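What follows is a short report on a single structure.
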Amino acid sequence: MKSIQELAGLPNLTYLNVNGADFDPTSVPDILIRKPEMNILFRTEELQSWWNEMDDQWKDILRSQFSLSENPDTEKLHQLTGRAELTLRSVPVSDLIPLSAFVNLRSLEVFDAPIASVAPLSAMRLLTKLKLSQVPVTDFLPLSGLSLLEELDLSNTGIEA
């Protein structure tokens with residue numbers, strides 16, 4: 001089986017572990033939209049590396065916002081990065097690179113953060129709602145490829161008319 005779509009159709013299924021399985025991981029966001037309560041484990045090593053290499057500032061933000069332990073297990077990391085929405089308010093981070101692990105992100109709000117670039121968001125092709133407010137960014141060209149965007153709020157940024 002190359003697709004997990006059929007398995008995801010099981011009405012009571014809320015946990016699916018397909019680590020190491022040969023399937024197309026691009027189907028995961030579609031399943032998570034249909035069944036947001038499902039936790040799909042499919043990239044344990046990648047997420048463990050992501051967490052271990054992340055700077056402490058980001059770890060502290062994610063721990064406090066999502067009640068994560070010091071070293072979250074693979075299930076928690078998959079739940080976290082499978083979220084459809086994320087709001088970051090008054091966070092002291094200058095980069096958004098750690099958000100690249102969020103494979104299902106549809107709505108992102110970043111308010112009052114010293115981020116220098118929105119380039120890491122260019123790969124988040126599923127975003128439909130993006131709010132970047134009170135951030136010192138001036139170059140928003142990396143967002144031009146986000147074709148699914150329906151709402152874009154760039155209030156109180158360095159954007160020029």
Side-chain angles (χ1 to χ4, degrees), residues 1-11 13-51 53-54 58-59 61-63 65-66 68 72 74-89 91 93-113 115-135 137 139-155 157 159:
M1 177 186 332
K2 295 286 184 189
S3 172
I4 59 173
Q5 296 281 355
E6 296 83 18
L7 294 173
L10 295 170
L13 188 66
T14 59
Y15 175 88
L16 177 61
N17 187 337
V18 287
N19 267 312
D22 183 21
F23 77 101
D24 181 6
T26 62
S27 63
V28 169
D30 292 335
I31 295 168
L32 291 174
I33 281 298
R34 288 196 332 254
K35 295 184 81 167
E37 73 284 358
M38 182 177 282
N39 192 10
I40 305 173
L41 281 64
F42 67 103
R43 55 187 183 139
T44 294
E45 288 181 24
E46 178 184 328
L47 287 181
Q48 287 173 337
S49 292
W50 168 77
W51 182 262
E53 294 168 11
M54 189 184 318
W58 265 108
K59 286 180 184 178
I61 291 166
L62 295 173
R63 278 190 203 111
Q65 188 164 344
F66 300 106
L68 298 174
T74 187
E75 289 182 26
K76 290 289 186 191
L77 292 177
H78 279 88
Q79 281 177 335
L80 174 67
T81 58
R83 299 179 59 83
E85 297 180 10
L86 183 61
T87 300
L88 302 168
R89 294 181 176 271
V91 291
V93 295
S94 59
D95 73 77
L96 298 175
I97 293 170
L99 298 182
S100 63
F102 286 72
V103 296
N104 188 41
L105 207 54
R106 311 294 171 136
S107 175
L108 174 63
E109 179 179 337
V110 180
F111 177 81
D112 188 23
I115 59 172
S117 171
V118 295
L121 302 181
S122 65
M124 298 185 154
R125 303 266 181 220
L126 300 177
L127 282 175
T128 58
K129 181 179 178 185
L130 179 59
K131 179 177 184 176
L132 300 169
S133 184
Q134 293 193 19
V135 297
V137 177
D139 180 12
F140 292 94
L141 188 60
L143 304 180
S144 63
L146 300 179
S147 61
L148 297 180
L149 270 182
E150 297 169 1
E151 296 180 40
L152 179 59
D153 181 343
L154 302 176
S155 57
T157 64
I159 196 168

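Just so we're clear, the structure is a prediction, and the values are computed from it rather than from any experiment.
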Checklist entry - Is there a side-chain contact between Ile40 and Ile4 (heavy atoms, below 4.5 Å)? => result yes
Item to check | Side-chain donor or acceptor of Trp51 paired with backbone N/O of Pro72 under 3.5 Å | outcome: no
Checklist entry - Is any side-chain heavy atom of Glu37 closer than 4.5 Å to a side-chain heavy atom of Lys35? => result yes
Next on the checklist: I need the single residue from Leu80, Val110, Leu108 that forms a side chain to side chain contact (heavy atoms under 4.5 Å, CB included) with Leu86. Which is it?
Outcome noted: Leu108
Item to check | Separation of Asn17 CG from Leu41 CG (nearest 0.5 Å) | outcome: 5.0 Å
Checklist entry - Backbone N or O of Lys131 within a donor-acceptor pair of the Glu151 side chain at under 3.5 Å? => result no
Next on the checklist: With a sphere of 6.0 Å drawn around NZ of Lys59, does it hold more than 12 non-hydrogen atoms of other residues, nucleotides or ligands?
Outcome noted: yes
Checklist entry - Does Arg63 use its side chain to pair, donor to acceptor, with the backbone of Trp58 at less than 3.5 Å? => result no
Checklist entry - Within the side chain of Lys129, is there an N or O that forms a donor-acceptor pair under 3.5 Å with the backbone of Asp153? => result no
Item to check | Result of checking Asp95, Leu88, Val91, Val137 against Ile115 for side chain to side chain contact (heavy atoms under 4.5 Å, CB included) | outcome: Val137
Next on the checklist: If the threshold is 4.0 Å, N to carboxylate O, is there a salt bridge linking Glu109 and Arg89?
Outcome noted: yes
Checklist entry - Is Asn104 reaching over with its side chain to a backbone N or O of Gly82, donor-acceptor style, under 3.5 angstrom? => result yes
Next on the checklist: Any side-chain to backbone donor/acceptor pair from Thr128 onto Arg106? Under 3.5 Å, distance only.
Outcome noted: yes
Checklist entry - Is the backbone N or O of Arg43 less than 3.5 Å from a side-chain atom of Asn19, with the two atoms forming a donor-acceptor pair by type? => result yes
